[in-house]
Protein chains: 2
Amino acid sequence: MADQHAATVRRFNRTYTQRIGALDDSFLGTGRPLGPSRLLFEIGLSDDDGATVRELRERLGLDSGYLSRLLRSLEADGLVDVRPDPTDRRRRRVRLTGRGRTARRRLDERSEDLARSLVAPLSERQRERLTEALATADLLVRAATVQLQEVSPTDPRSVAAMAAYFAEIGERFGFEPGDAWLEDAEAMTGPDGFFVVATSDGEAVACGGVHRLPDGAAEIKRMWVHGDWRGAGLGARLLRHLEDVVRDRGYDVVRLDTNDTLLEAIAMYERAGYHAIERYNDNPWARRWFEKTL
Amino acid sequence: MADQHAATVRRFNRTYTQRIGALDDSFLGTGRPLGPSRLLFEIGLSDDDGATVRELRERLGLDSGYLSRLLRSLEADGLVDVRPDPTDRRRRRVRLTGRGRTARRRLDERSEDLARSLVAPLSERQRERLTEALATADLLVRAATVQLQEVSPTDPRSVAAMAAYFAEIGERFGFEPGDAWLEDAEAMTGPDGFFVVATSDGEAVACGGVHRLPDGAAEIKRMWVHGDWRGAGLGARLLRHLEDVVRDRGYDVVRLDTNDTLLEAIAMYERAGYHAIERYNDNPWARRWFEKTL
DNA sequence: GCCATTGTCTGACCTTAGTCAGACGATCAC
DNA sequence: GTGATCGTCTGACTAAGGTCAGACAATGGC
């Protein structure tokens with residue numbers, strides 16, 4: 001079974017590398033070599049403020065020296081504009097110039113043409129099947145390659161994730177975190193607590209934290225999955241990961257609370273072996289309480 | 001609609017290049033750079049006779065000088081054995097040595113591990129969804145990138161395709177081509193006839209020919225699609241292509257015959273606008289006759 | 001037997017991609 | 001204010017990937 005999955009992935013890899021990869025390289029190479037083209041493409045994805053060099057480095061996974069050189073070549077061609085970030089003058093912000101946007105648009109068109117020419121020989125029904133299959137594969141490959149990492153709850157990624165979390169429950173239940181946020185953050189560090197963020201392309205797509213309850217049990221809090229990512233099994237994976245770390249830290253009981261309208265979350269907790277218990281805290285927003293013995 | 005297909009393809013491309021492509025490169029690079037590794041891999045796909053240099057060049061799409069150099073480096077490492085082909089001493093046949101097979105196997109294992117590690121974070125159900133999606137995408141991408149080209153009916157690819165065709169109808173209907181094969185081949189060249197082969201990875205996966213009937217109509221013959229490729233729309237595409245060329249050559253009527261057990265073929269002809277007519281030839285194997293006005 | 005063609009190889013050459021060590025200014029913690 | 005750290009850049013270097021023109025032997029067509 002496992003072998004069959006691997007075999008399919010490998011077969012697909014071969015097909016992809018030969019048929020699309022080759023085309024892809026040629027499409028990006030409109031006069032410019034691949035490196036600069038990819039960079040141009042990536043810069044164009046940023047908002048009006050542009051991107052910092054560091055962001056680009058992470059998104060593209062490039063060496064700092066190499067990236068710097070690539071930027072210089074784009075700058076020499078008048079395609080980008082690099083200037084210090086006013087809030088931190090060590091950082092530099094990169095933005096497309098007018099010419100850069102034009103070049104980027106041309107690249108975009110070439111890429112679009114390429115994609116169209118790939119599906120052109122197919123019938124409409126086949127095209128739909130292919131599109132559906134690729135969309136599924138895309139979602140799952142992204143989900144499979146999400147990075148789970150323990151970071152400080154005050155790390156920008158954590159803050160972004162928790163802000164999204166609070167915005168969401170604020171909208172749904174009128175919940176307002178107030179100052180509790182900061183106190184909690186502190187509890188989720190040190191020897192007893194921790195915080196985990198799942199990132200994809202450097203963006204936080206899920207998070208969850210653990211702190212110690214007065215009676216010595218661990219409590220999972222702030223568990224959140226980005227709306228676009230629900231249904232990809234990310235929640236279950238994150239939960240599993242949190243439990244693994246909790247176990248390593250010597251806990252043997254985990255508790256958590258949730259609202260009774262979050263049916264999918266409740267179902268997931270139950271599938272993961274949690275059972276309902278009595279109210280163990282005074283969280284006004286919570287309606288259901290769960291516990292699991294590790 | 002069309003834009004949605006292209007957008008999905010592009011989105012997938014981006015995901016693929018970032019997540020799998022990068023890993024893929026690293027996996028193949030076991031000490032050896034990518035080029036030699038891919039070559040090693042490709043040589044290992046051939047049968048015991050090995051592959052000719054030309055075959056490898058086509059399958060990998062490499063420059064002849066470059067390939068020659070790559071071969072030399074593998075040869076220097078004692079991984080392959082290159083010697084003249086006894087039937088045509090201009091050609092050279094490449095075969096893996098014992099060490100080559102070992103190296104190739106190691107590569108294979110790494111690739112397998114990589115594929116497994118990609119799907120590892122997913123649940124079994126997700127793995128199945130991914131596998132299914134990739135298999136579908138694989139088939140359709142292959143189908144979309146099949147090359148249709150007009151070649152002589154005596155070209156090795158044509159001969160291979162027709163041999164497969166005759167073997168198949170021989171098995172199903174006890175049909176024996178006898179000498180008719182050669183005469184027909186001649187009719188499918190020159191100004192009045194032609195022969196088209198569809199190839200994928202250099203292998204013939206479908207074929208079809210056209211010759212002129214005594215009354216001036218065109219007749220499609222030897223239309224065949226490889227068993228593994230049925231259901232991918234290749235037959236319809238080939239038929240459309242043949243019709244296009246037929247029209248260019250100034251014909252305005254096309255006819256063809258088939259056996260009544262080939263239900264799928266018949267359905268395809270009907271979908272393509274062919275209508276049944278009376279027997280117009282003395283082909284003992286035929287039970288149905290069709291015509292289409294272009 | 002001759003000439004054109006085919007199949008492969010060699011040498012010379014070029015671009016792209018990427019690494020590494022260190023320089024240098026800006027910022028942060030105290 | 002100072003030392004540590006951060007963020008970016010520069011210079012020097014290397015390997016990989018690839019192109020092109022021609023050499024040369026084997027083969028096929030006539």
Side-chain angles (χ1 to χ4, degrees), chain A residues 17 21-22 24-26 28-40 42-43 50-77 80-95 152 154-156 202, chain B residues 17 21-22 24-26 28-40 42-43 50-77 80-95 152 154-156 202:
Chain A
T17 314
D24 212 42
D25 287 4
S26 81
L28 275 170
T30 321
R32 225 176 305 287
L34 230 87
S37 290
R38 264 211 264 276
L39 180 54
L40 195 62
E42 201 64 40
I43 295 169
T52 63
V53 175
R54 162 166 277 277
E55 271 165 34
L56 294 172
R57 199 155 60 222
E58 284 191 358
R59 295 216 297 250
L60 292 164
L62 298 177
D63 171 85
S64 91
Y66 183 36
L67 175 57
S68 183
R69 227 172 303 271
L70 288 178
L71 280 173
R72 201 114 344 93
S73 91
L74 290 182
E75 209 175 8
D77 292 349
V80 301
D81 179 51
V82 184
R83 60 180 59 171
D85 183 331
T87 69
D88 179 344
R89 290 164 44 75
R90 288 171 302 182
R91 269 197 271 265
R92 308 243 279 150
R93 293 207 152 264
V94 185
R95 231 171 302 239
S152 155
T154 54
D155 182 285
Chain B
T17 314
D24 213 43
D25 287 4
S26 81
L28 275 171
T30 321
R32 227 175 305 288
L34 229 88
S37 289
R38 263 211 264 276
L39 180 54
L40 194 62
E42 200 66 39
I43 295 169
T52 63
V53 175
R54 161 164 279 277
E55 271 165 33
L56 294 173
R57 199 155 59 222
E58 284 191 358
R59 295 217 298 250
L60 292 165
L62 298 177
D63 172 84
S64 91
Y66 184 36
L67 175 57
S68 184
R69 226 171 305 270
L70 289 178
L71 280 175
R72 201 116 343 94
S73 90
L74 290 181
E75 210 175 8
D77 292 349
V80 302
D81 180 51
V82 184
R83 61 180 58 172
D85 182 332
T87 68
D88 179 345
R89 291 164 42 75
R90 287 172 302 183
R91 269 197 270 265
R92 310 242 279 150
R93 293 208 151 261
V94 186
R95 229 171 306 238
S152 154
T154 55
D155 181 285

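Just the heavy atoms: all of them, side chains too, but no hydrogens, waters or symmetry mates, feed the values below.
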Problem set entry | Whole-Å distance separating the CG atom of A:D85 from the P atom of D:dC6 | 17 Å

For this session: Please name all residues satisfying salt bridge (Lys or Arg N to Asp or Glu O under 4.0 Å) with B:R93, sequence neighbours left out, ordered by chain then number.
Result: B:D85

Exercise. Is there side-chain contact between B:E42 and B:L56, with heavy atoms separated by less than 4.5 Å?
Worked result: yes

Problem set entry | Spacing of B:L70 atom CG and B:R57 atom CZ [to the nearest 0.5 Å] | 12.5 Å

Exercise. Could you go step by step and tell me if B:L71 and B:E75 meet the side-chain contact (heavy atoms from CB on, under 4.5 Å) rule?
Worked result: CA-CA 6 Å; B:L71 280 175; B:E75 210 175 8; 5.8 Å; no

Problem set entry | Pairwise side-chain contact, B:I43 with B:L74, heavy-atom cut-off 4.5 Å (strictly under) | yes

Problem set entry | Rounded distance in Å - CG (A:L70) to C1' (D:dT8) | 14 Å

Seminar exercise, completed: When rounded to the nearest 0.5 Å, the distance separating OG of A:S73 from CG of A:L39 is 8.0 Å

Problem set entry | First encountered from the 5' end of DNA chain C, between A:L62 and A:P86 | A:L62

Exercise. Could you go step by step and tell me if A:R92 and A:T52 meet the side-chain contact (heavy atoms from CB on, under 4.5 Å) rule?
Worked result: CA-CA 6 Å; A:R92 308 243 279 150; A:T52 63; over 6 Å; no

Exercise. Which letter, B, S or -, goes with each nucleotide of nucleotides 1-10 of chain C from 5' to 3', with contact meaning a protein heavy atom under 4.0 Å?
Worked result: -----BSSBB

For this session: Take atom CG of B:L39 and atom C1' of D:dG18, then tell me their distance rounded to the nearest Å.
Result: 15 Å

Seminar exercise, completed: Students should find that the end-to-end axis angle of the helix from C:dG1-D:dC30 to C:dC30-D:dG1, with five pairs defining each axis and rounding to 10 degrees, is 30°

For this session: Report the distance from atom CZ of A:R83 to atom P of D:dT8, rounded to the nearest whole Å.
Result: 16 Å

Seminar exercise, completed: Rounded to the nearest 0.5 Å, the CZ atom of B:R54 sits from the CZ atom of B:R90 at a distance of 10.0 Å

